[in-house]
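Notes follow once the structure below has been shown.
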There are 2 protein chains.
Amino acid sequence: MEDTIAAVATAWAPAAIGVLRLSGPQALPIALQLARRTKPLRPRYATLATLYEEDGQPLDQAILLYFPAPRSYTGEDLVEISCHGSLYILRRLTELCLSYGARLARPGEFTLRAYLHRKLSLEQAEAVADLIQARSAAAHRLAMSQFKGAYTEKVRAFRQQLIEFLALLELELDFAEEDVEFASRAQLHQLLEALKVEIARLLASYRAGRAIREGIPIAIIGRPNAGKSTLLNALLAEERAIVSEIPGTTRDTIEERLILGGYELRLIDTAGLRATPADPVEAEGIRRARQKLQEAFLLLYVFDASQESLSEAQKAAGQLVGDTPPAPILWVANKIDLLDKPPLAEGAIPISAQHRIGLDRLEEAILAELNRQGLGEEVLLSHLRHQESFLRAREAIENALRLLEEGSGTELIAEELRAAQAAIGEITGEITPDEILGHIFAYFCIGK
Amino acid sequence: MEDTIAAVATAWAPAAIGVLRLSGPQALPIALQLARRTKPLRPRYATLATLYEEDGQPLDQAILLYFPAPRSYTGEDLVEISCHGSLYILRRLTELCLSYGARLARPGEFTLRAYLHRKLSLEQAEAVADLIQARSAAAHRLAMSQFKGAYTEKVRAFRQQLIEFLALLELELDFAEEDVEFASRAQLHQLLEALKVEIARLLASYRAGRAIREGIPIAIIGRPNAGKSTLLNALLAEERAIVSEIPGTTRDTIEERLILGGYELRLIDTAGLRATPADPVEAEGIRRARQKLQEAFLLLYVFDASQESLSEAQKAAGQLVGDTPPAPILWVANKIDLLDKPPLAEGAIPISAQHRIGLDRLEEAILAELNRQGLGEEVLLSHLRHQESFLRAREAIENALRLLEEGSGTELIAEELRAAQAAIGEITGEITPDEILGHIFAYFCIGK
């Protein structure tokens, strides 16, 4: 961190304003060189300055902001240059910074430095990337709660207690010949049980947390011509804030994203799903569609209410998804515009996808079901990395509990406690091998 | 301008930083409401603050910068909110500003307000849009010189002198019965002649100025199979900073953009151009291709050096573009890799487009020719609006000169001087009908 990094921090398209950031020991000297000033910048004060090309030609008028270490985003000397959002100007500014001694920042390097200077915990640093990418209110809330350190504090306290017990156990090992017991086995057992419950709670929330971040999969199923695609399009047309289509969807399933009630939904039209495949190619398509169903939080079973009753639909659905469906089913009675009299059996939601009737009620039912499944919770585990660490922690804790119950030797128990606290320490960033850091920050954009 | 406007000022894509701007009397109160602060912000000082949703949930941590009137971009109270570059956060922030009493800014409205508060001349305000859109060093230099008021100062001084003479002439009209002459006719004549020369100089630079802003058209012509497309692709492949393809190119001409020596070039492959059309459809294609040639600053005539000599090529070119070509021709002897011995006649540039031989020399020759045509000049007229005003000013000045030479009455001369100063005043913005303002700022992006 002896070097100074530079990168454009705003999105790469022409705009009113563009911002370039410099962080490191040379941040201020480089900014002064760009502005051909000798007087240092007043800290945290917006200074209007003309920036110059190397040949003395004016490049732009900009606002310079100097944040001296340690009161800056990175904890280092940092300068923000707010200029006209011209790609030419931003490119030239970057080139000039490099020629004055800065290095182009790697993805996430500003935030990495913030973490290394203890301005952010690792959990918070990861939340920054989530915050930027969040597309729905729920994803934003989740990222924000992580940014505020939602479970860092909680697991940090547990880890602290583990470490204290570990110290006592190690003391026992030092006095092994005297056969003393500094650490209360009963209290240790109690701590491990409490920690196990907490970790189980967080692990159980991972599926929901991931769905909030990546979009909640909901499958639309039903017979051909029941109106599945029409429903998909009707739902998309209803909602303004449509997230753009995702590339790389398979031929077998069409996936569309929309924002509903603060959630980002991934609506999956399982066009390829039939009860009996005609040939091996179709069988493969059905296998993939079934896989998609396994991920879904909710199935919308669409049937043609002018042709079929709810109980007939339920029979047909059984053939499609089996007797124990992979997710709750909402029964959607479509084409009610073709019925003479108002429907319907209890338990189905009457709609006309084509005429956009009843969609409000359907949307309400979807949201009620998602809230019932705990997707509205404040603290959810949402990172694969955290899940993996917690799984390792849980394994070590379960081993330790078993060893305690078996009355095993101190050395073995201490070994498991060491593994457990290390696994938890990886989440908060107190223990972090370099390759973990590289992995985390590679997912950031440049300039962050 | 009693209301407060708000808009995101950075490009609309996820990024490390996004900036929202508020300008107007409510800018500070709205910012304080977002941050739930009562203490006003210290002027021009970077204040870290948490911003909240209406329900009290934290939305983001942001840096607030308050620029009190008149020392701000718009000349009004202005607050810049620099937050995480999340589209969700930026959208919510905008919505909150609107619900706290701001109005969404129209395109260019911040800069319009800067003009109306006399922070920028109209010429400078127009240059802001050019500055943001500039893709090449030359376009940037041109916009920057306009931003610095390159010819505003010059024409303003002329206009001032016109107005002084006008005042004297009007004094004469007041004393019409006494037949006095306050304004020296000889000095007025001199001023008008000098102004005419200056305006002629600026008008002559308009073609070059427009080409710098929009890309310099260069046509590639030659017989079929001479290697025109191969040359086009080879030039594009050489240059890294390729500007993306322009949509809506006709079938008859393919246009590609590239940056060369700080210029943005529009390379036009006139595939449809033949000496003799086969049918009416082709005749129309040829008509369009010829039209393109009229705009070109340079023609690259490509011939197959393994099949044709330079003098043969020159004869063939005559059939294609006539004896007086619309632009200078560079003779490009292609396919020299097929020749046994090194070429060639003087006056042609030997290359192999396929094997990328000789492209450096060709590029140098192109740049030398463009500089020869004055494209490197510092001050160039580049806006159609300015051209139109100067044309009207020139007409009035020529009329006034004629009237002076004819010894016409004071009233008629004064009338022409009024028209001339008004036309010039429109460029600098001293005289600006509302419809002109609307037209200018409609070309801005929102947030500027």
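So you know, we letter chains A, B, ... as the sequences are listed, proteins then strands, and number each from 1.
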Taking all atoms of both residues into account, what is the closest heavy-atom pair of [X] and [Y], and its distance?
| X | Y | result |
| --- | --- | --- |
| A/A35 | A/A49 | CB-CB, 4.1 Å |
| B/W12 | B/R91 | CH2-N, 4.1 Å |
| A/A69 | A/E76 | CB-C, 3.5 Å |
| B/C83 | B/L93 | SG-CD1, 3.8 Å |
| B/P58 | B/T50 | CB-CG2, 4.0 Å |
| A/A211 | A/L375 | CB-CD2, 4.4 Å |

Look at [options] and state which one has the largest set of heavy-atom pairs under 4.5 Å with chain A.
| options | value |
| --- | --- |
| B/L48, B/D60, B/I17, B/T47 | B/I17 |
| B/H140, B/R141, B/H84 | B/H140 |
| B/L87, B/L65, B/V19 | B/L65 |
| B/L90, B/L59, B/V8 | B/L59 |

By a 4.5 Å heavy-atom criterion (distance strictly below it), what part of [X] contacts chain B: side chain, backbone, both, or neither?
| X | result |
| --- | --- |
| A/E80 | side chain |
| A/F110 | neither |
| A/R92 | neither |
| A/L131 | both |
| A/A137 | both |
| A/S136 | backbone |
| A/I63 | side chain |

* Structure fact -> Rounded to the nearest 0.5 Å, the CG atom of A/L122 sits from the OG1 atom of A/T111 at a distance of 11.0 Å

* Mark yes or no for whether B/K119, through its side chain, and B/R113, through its backbone, hold a donor-acceptor pair below 3.5 Å. => no

